[in-house]
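Start at 1 with the first residue, then count along the sequence.
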Amino acid sequence: MKKSGIWIAVIAAVVVLVIWGVSAYNGLVTKEENVEEKWSQVENVYQRRADLINNLVAIVAGYAEHEKSTLQGVVEARAKATSVQVDPSKLNETNIAQFEAAQSELSSALSRLMVVVEKYPDLKANENFILLQSQLEGTENRISVERKNFNEAAKNFNTAIRVFPKNIIANMCGFEKKAYFAAKEGADVAPVVEF
């Protein structure tokens with residue numbers, strides 16, 4: 001009778017471990033899917049910005065025909081930014097840095113475009129231009145929010161795969177740490193403004 005009690009206890013312990021392992025694995029999969037969904041939202045708002053830029057360039061081109069090099073720079077930067085794709089299952093520091101570098105080039109080109117716009121008062125008063133500029137500003141805010149949401153999801157996932165005992169399941173099943181969006185180098189230093 002004692003032997004059967006021991007076997008029942010061993011079987012019960014194994015069943016509890018299996019149930020825990022499956023639950024832990026499913027929890028990690030859910031967290032990883034959340035990271036990938038948040039990454040999709042980041043890409044979505046960057047795509048929205050790229051789409052708005054096409055319309056903005058078209059409007060500016062009608063007013064500033066001799067600013068072809070600036071407009072061409074924006075178009076080329078947009079093409080490069082939209083061509084950089086990151087596989088959500090491979091969100092490492094290198095891939096995110098490449099993506100962010102392409103997006104930074106586009107932001108820089110867009111800044112140059114806005115400087116050009118200052119030379120054209122009629123353009124700045126154009127209703128379509130004003131609307132697009134407002135939408136673009138809103139999109140920049142959305143980008144910031146989605147990057148924050150992505151970083152939070154990546155943090156939750158990274159914490160889950162490092163905490164004992166889930167780290168055992170994570171290592172056995174090949175879950176890897178996800179990279180974060182980070183501030184650009186030098187972003188912690190305030191710019192010097194001189195008049």
Side-chain angles (χ1 to χ4, degrees), residues 28-58 60-61 67-117 132-163 166-167 170-171 173-192:
L28 292 174
V29 168
T30 300
K31 288 182 183 300
E32 186 172 49
E33 286 297 319
N34 188 39
V35 170
E36 292 178 12
E37 184 268 332
K38 297 298 184 197
W39 177 254
S40 294
Q41 282 303 107
V42 168
E43 289 181 321
N44 181 34
V45 291
Y46 275 115
Q47 183 62 51
R48 181 177 195 279
R49 178 177 76 163
D51 294 344
L52 288 171
I53 288 171
N54 267 356
N55 295 333
L56 196 63
V57 167
V60 173
E67 303 287 354
K68 296 271 189 226
S69 64
T70 301
L71 295 173
Q72 186 63 31
V74 171
V75 170
E76 289 171 2
R78 181 201 178 277
K80 183 175 181 183
T82 56
S83 71
V84 175
Q85 299 294 315
V86 177
D87 180 353
S89 65
K90 296 182 174 106
L91 292 171
N92 58 40
E93 290 178 18
T94 303
N95 291 341
I96 289 180
Q98 288 173 343
F99 181 83
E100 186 59 17
Q103 296 303 326
S104 292
E105 273 186 49
L106 181 55
S107 294
S108 178
L110 195 55
S111 294
R112 289 190 298 276
L113 178 66
M114 291 304 161
V115 168
V116 166
V117 166
L132 281 171
Q133 190 174 17
S134 175
Q135 287 183 5
L136 198 56
E137 288 170 3
T139 299
E140 293 298 329
N141 290 335
R142 288 179 186 176
I143 287 170
S144 177
V145 167
E146 294 304 337
R147 286 174 51 149
K148 177 185 165 289
N149 291 342
F150 169 79
N151 278 348
E152 286 175 0
K155 181 189 117 198
N156 289 337
F157 175 78
N158 291 341
T159 300
I161 66 169
R162 293 183 60 216
V163 174
K166 284 187 181 176
N167 65 337
N171 288 333
C173 297
F175 288 100
E176 294 180 10
K177 182 180 176 189
K178 304 295 182 189
Y180 299 104
F181 272 104
K184 295 177 189 165
E185 192 171 316
D188 57 336
V189 179
V192 176

Practice item. Give the C-alpha distance, both sets of side-chain angles, the deciding distance and a yes or no for side-chain contact (heavy atoms from CB on, under 4.5 Å) between Val60 and Met114. Key: CA-CA 10 Å; Val60 173; Met114 291 304 161; over 6 Å; no
Straight-line distance of [X] [atom1] to [Y] [atom2], nearest 0.5 Å:
X: Leu136; Y: Ile143; atom1: CG; atom2: CD1; result: 8.0 Å
X: Lys31; Y: Glu36; atom1: NZ; atom2: CD; result: 14.5 Å
X: Lys177; Y: Glu93; atom1: NZ; atom2: CD; result: 6.5 Å
X: Ser89; Y: Glu33; atom1: OG; atom2: CD; result: 10.0 Å
X: Asn167; Y: Arg162; atom1: CG; atom2: CZ; result: 9.5 Å
X: Phe99; Y: Gln85; atom1: CZ; atom2: CD; result: 7.5 Å

Does a salt bridge link [X] with [Y], judged by any charged N lying under 4.0 Å from a carboxylate O?
X: Glu100; Y: Arg147; value: yes
X: Lys38; Y: Glu146; value: no
X: Lys148; Y: Glu152; value: yes

Considering all heavy atoms of both residues, which atom of [X] and which atom of [Y] are nearest to each other, and what is their separation?
X: Ala109; Y: Ala77; value: CB-CB, 3.9 Å
X: Leu113; Y: Leu71; value: CD1-CD2, 3.5 Å
X: Ala160; Y: Leu28; value: CB-CD2, 3.6 Å

Mind checking whether [X] and [Y] have side chains closer than 4.5 Å, heavy atoms only?
X: Arg49; Y: Ser107; value: yes
X: Glu137; Y: Asn141; value: no
X: Asn171; Y: Ile161; value: no
X: Leu106; Y: Lys80; value: no
X: Val75; Y: Ile53; value: no
X: Leu52; Y: Gln133; value: no

Side-chain ([X]) to main-chain ([Y]) donor-acceptor, under 3.5 angstrom:
X: Arg78; Y: Ala50; result: yes
X: Ser144; Y: Glu140; result: no
X: Thr82; Y: Ala79; result: yes
X: Asn34; Y: Thr30; result: no

Point to revise | Modelled atom types, side-chain donor and acceptor of Gln47 and Glu43, under 3.5 Å | key: no
Review point. Looking only at side chains, do Gln41 and Arg142 share a donor and an acceptor under 3.5 Å apart?
Key: no
**Study point:** Gln135, CD atom: more than 12 neighbouring heavy atoms under 6.0 Å
**Key:** yes
Revision key, fill the gap. Partner of Trp39 under ring pair (Phe, Tyr, Trp, His ring centres under 6.0 Å), picked from Tyr46, Tyr180, Phe181, is Phe181
Practice item. Check whether NZ of the Lys or CZ of the Arg Lys178 lies under 6.0 Å from the centre of the six-membered ring of Phe157 and within 45 degrees of that ring's axis. Key: yes
Exercise for review: Carefully, step by step, assess Leu56 and Leu110 under the rule side-chain contact (heavy atoms from CB on, under 4.5 Å).
Suggested key: CA-CA 10 Å; Leu56 196 63; Leu110 195 55; 4.0 Å; yes
Check your understanding: Given Val86, which of Asn95, Asn92, Val42, Thr94 fulfils the side-chain contact (heavy atoms from CB on, under 4.5 Å) condition?
Key -> Asn95
